Number of protein chains: 2
Amino acid sequence: MDEGLRERKKRETRQRIADMAMGLFLARGFDDVTVAEVARAADVSVNTVFNYFGTKEDLFLDRQSEAEDVPSRVVREREPGESVVTAFRHDFLEAIDQGDWRYGLNEGADAFARLVFESPALLARMREMDHAINGNLAATIAEETGAGPGDLTPQFVAGQILGATRLLARHALWRRQAGDSWQRIRPELREQAEALFDLLEKGIGDYGRRPLVQAAQHGGAAEDHEHEHVEGDHG
Amino acid sequence: MDEGLRERKKRETRQRIADMAMGLFLARGFDDVTVAEVARAADVSVNTVFNYFGTKEDLFLDRQSEAEDVPSRVVREREPGESVVTAFRHDFLEAIDQGDWRYGLNEGADAFARLVFESPALLARMREMDHAINGNLAATIAEETGAGPGDLTPQFVAGQILGATRLLARHALWRRQAGDSWQRIRPELREQAEALFDLLEKGIGDYGRRPLVQAAQHGGAAEDHEHEHVEGDHG
DNA sequence: ATCAATATTGCAGTCACTCTAAAATTTGGT
DNA sequence: ACCAAATTTTAGAGTGACTGCAATATTGAT
C-alpha cells in the first residue's frame, strides 16, 4: 500500500465534502446553498472546505475541470488524411449517438445544466473554463501544425470549432430542458451538426448576402440571385 | 428646462462617482480599490454608490455596455451585394485605420485593457458582455436573413465573426501591451485581419490535414513528415 | 412655510473568503 | 508504547461586496 492513513482520510474527506455539496446543490440550487451548510453536512469546519476547494464554484466543478484538454486529444488522435475540422465532425457525430458526456450529451446532463444556467456565478465559471479550453486547443493545434508564435490561425480555428460544438451542445441541452427526449433530439442534432460543420469547412462567405437589386427589396420574393457576384477584392 | 434641480443633481452625483471610481481604478487597479474608498472620494455614502451602480463592476463598465448592439448596426447597414462577413471585413479594416473605439483600437484602449486583464472580476464581466453581444448580433442576423427559430446558423455566424474580430482586437491590444506602437501594429493587423476573414469566407476545411502516409505512425520518433502531402479529397 | 415625494444615510446583517494561532491527529523513530 | 516533528483541522477575528430597513435630509409644488 503506497497510501497511508493520512492520505486516505484526506481523500475521503474531500470526497465527502464534494458529495454533500453536490447533493445540496441539486436539491436547492447553487446560489441558495451556503458554504457553511456544506461544511455542516460534511461534518467539517468551513475552513476545511476552503482547504480543499479554493472557491465555492470549485465544489461544483470539481471533476469538470478535468475535461479541459479533452478537445486537444481529438486533434492529436485524428486519423491520417483528416483535417482538424473533420476530426471534430466525426468525434461529435459519434458523441451524439453515444450520449457522450464530453459534450454534455449524456443522460443526466440536463439536471446539471439547469443548475448552471440558473446561477450567474456558475455561468461565469463555465465561460472561464471555455476560455481555458480554447487556449489549450489552440496551443495543441499550433503545435500540431507547426504554426509560428505570431500566427493567429490556431486560436482562430480553435475558437471556430469549439464555438460550433458548444452551440450544438447548448442547443441540445436547451431542447432537453424544454422537455424533448434524447430520442427526438438526436436526429435533428445530427442534421444541425452536419450543417454547421459544412459551414465550418466551406466558409460563410455568402451568408446573408444582400440582393443587388433594390426595386422590391422586401416585397416577397427574396430568392433570386443566389450566387450572383462573388467579389474578391481582398489581398 | 425639462431638467429640474433634482435630476441635475442626480446626474452630477452619478457622474462624480463614476469619475472618481475610474480615477482610482486607473491609479491602483480594480481589485485594490474598495467601494468604500470610491464612496469617500465622491463624498457620498456606500449605499448611494450602490444606489446608482448595481455592482462594483458597473462602476467600471458604466458606458461600455452601451456598445452592446454596435455589431448589429454593421449588419443592418451593410451595402447591397454585401454578405454579413464582408460587411464586417470592411468595417473592421476601416476601424484599423481610424483607431475605432468599437473594437478597442483607439489610442487610450490599452490602459483600459491592462486594467481588465488584471482583474478576474472584470474579465468575467467582459465575457458576459461578449455573450450578450453575441446574442444581439445573432438576433439581428436571424431577423435580416429571415431564419427560422430552430435555425442555429445565425448564432453560429455571429459567434464566428465576433470570435474573429475579438481575436484580432485582443491580439492588437496584447502587442500594444508589449510596447509596440499602433504605427507598427496597424499593417500587420491588416494582414492578419485579411487572412482571418478569408478563412471565414472560404472555410477551414483543409486546415491541419494530416498527411496520408502511415509508415512510422506511432513508433518512437514523433517528428516525421510535417507537411508531406496535402490533398483535397473531402466531399 | 408646509407637506409629500424622493434622495441619502446609518446600521445591522449575510456570505464568500483570508489570516493567524491554537488544538487535534498522523507519522516516524526509539 | 512513547515522544517529537509534520500536517491537518479548527476557532476566531477580520475584510469586502452587497442587502434591507428605518431614520433623516433635500427637493418640488402649493
Side-chain angles (χ1 to χ4, degrees), chain A residues 1-18 20-22 24-25 28-62 115-116 118-126 128, chain B residues 1-18 20-22 24-25 28-62 115-116 118-126 128:
Chain A
M1 307 290 170
D2 57 350
E3 191 195 48
L5 174 63
R6 195 165 228 153
E7 314 293 321
R8 203 192 67 223
K9 275 204 165 184
K10 275 180 68 173
R11 195 168 41 75
E12 286 172 349
T13 301
R14 184 196 166 90
Q15 195 57 48
R16 195 171 66 250
I17 294 172
M20 286 299 170
M22 188 56 74
L24 289 173
F25 292 155
R28 291 165 32 205
F30 184 78
D31 293 330
D32 288 343
V33 175
T34 73
V35 176
E37 285 175 308
V38 173
R40 250 207 333 267
D43 200 42
V44 293
S45 76
V46 174
N47 284 25
T48 301
V49 174
F50 283 114
N51 192 13
Y52 285 104
F53 303 90
T55 67
K56 186 185 177 187
E57 288 78 29
D58 287 334
L59 283 170
F60 182 82
L61 295 165
D62 193 14
L115 223 40
V116 173
E118 278 173 3
S119 162
L122 285 182
L123 272 177
R125 187 53 168 274
M126 286 292 284
E128 200 181 322
Chain B
M1 311 276 178
D2 57 349
E3 191 197 45
L5 175 62
R6 192 164 229 147
E7 314 292 321
R8 202 192 68 223
K9 275 205 166 186
K10 277 179 68 173
R11 195 169 41 76
E12 284 172 349
T13 301
R14 185 198 167 90
Q15 196 57 46
R16 195 172 64 248
I17 295 173
M20 287 300 171
M22 187 57 73
L24 290 172
F25 292 156
R28 291 165 34 207
F30 183 78
D31 293 331
D32 288 342
V33 174
T34 72
V35 176
E37 284 175 307
V38 174
R40 249 208 333 266
D43 199 44
V44 293
S45 77
V46 174
N47 284 36
T48 301
V49 174
F50 283 115
N51 192 15
Y52 285 104
F53 303 89
T55 68
K56 186 186 176 187
E57 288 78 30
D58 288 334
L59 282 171
F60 183 82
L61 294 165
D62 193 14
L115 223 41
V116 173
E118 278 173 3
S119 162
L122 285 182
L123 271 175
R125 187 53 168 276
M126 284 292 284
E128 199 181 322

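Here is how names work: the chains are called A, B, and so on, in the same order as the sequence lines, proteins then strands, and each is numbered from 1. Here the structure is a predicted model, which means the values were calculated and not measured.
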For this session: Could you encode protein contacts along nucleotides 5-12 of chain C as a string, one character per nucleotide from 5' to 3', using B for base contact, S for sugar-phosphate-only contact and - for no contact, with a heavy-atom cut-off of under 4.0 Å?
Result: BBSSBBB-
Would you kindly give the [atom1]-to-[atom2] distance between [X] and [N], to the nearest whole Å?
X: F53(B); N: dA17(D); atom1: CZ; atom2: P; result: 15 Å
X: D32(B); N: dA17(D); atom1: CG; atom2: P; result: 11 Å
X: D58(A); N: dT18(C); atom1: CG; atom2: P; result: 11 Å
X: F50(B); N: dG20(D); atom1: CZ; atom2: C1'; result: 14 Å
X: E7(B); N: dT27(D); atom1: CD; atom2: P; result: 13 Å
X: E57(B); N: dC18(D); atom1: CD; atom2: C1'; result: 11 Å
X: L59(B); N: dG16(D); atom1: CG; atom2: P; result: 16 Å
X: R8(A); N: dT27(C); atom1: CZ; atom2: P; result: 9 Å

Under a 4.5 Å cut-off applied to non-hydrogen side-chain atoms, are [X] and [Y] in contact?
X: K56(A); Y: F30(A); answer: yes
X: E37(A); Y: R28(A); answer: yes
X: D32(A); Y: F25(A); answer: no

For this session: Would you mind checking if R8(B) and E12(B) are paired as a salt bridge, meaning a charged N to carboxylate O distance below 4.0 Å?
Result: yes
Problem set entry | Over 12 foreign heavy atoms within 6.0 Å of CG, D43(B) |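 No, because the 6.0 Å sphere around CG of D43(B) holds 12 heavy atoms or fewer from other groups.
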Problem set entry | Charged tip of R14(A) within 45° of F53(A) ring normal and under 6.0 Å |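 Judged by the rule (NZ or CZ under 6.0 Å from the ring centre, within 45° of its axis), R14(A) counts as positioned above F53(A).
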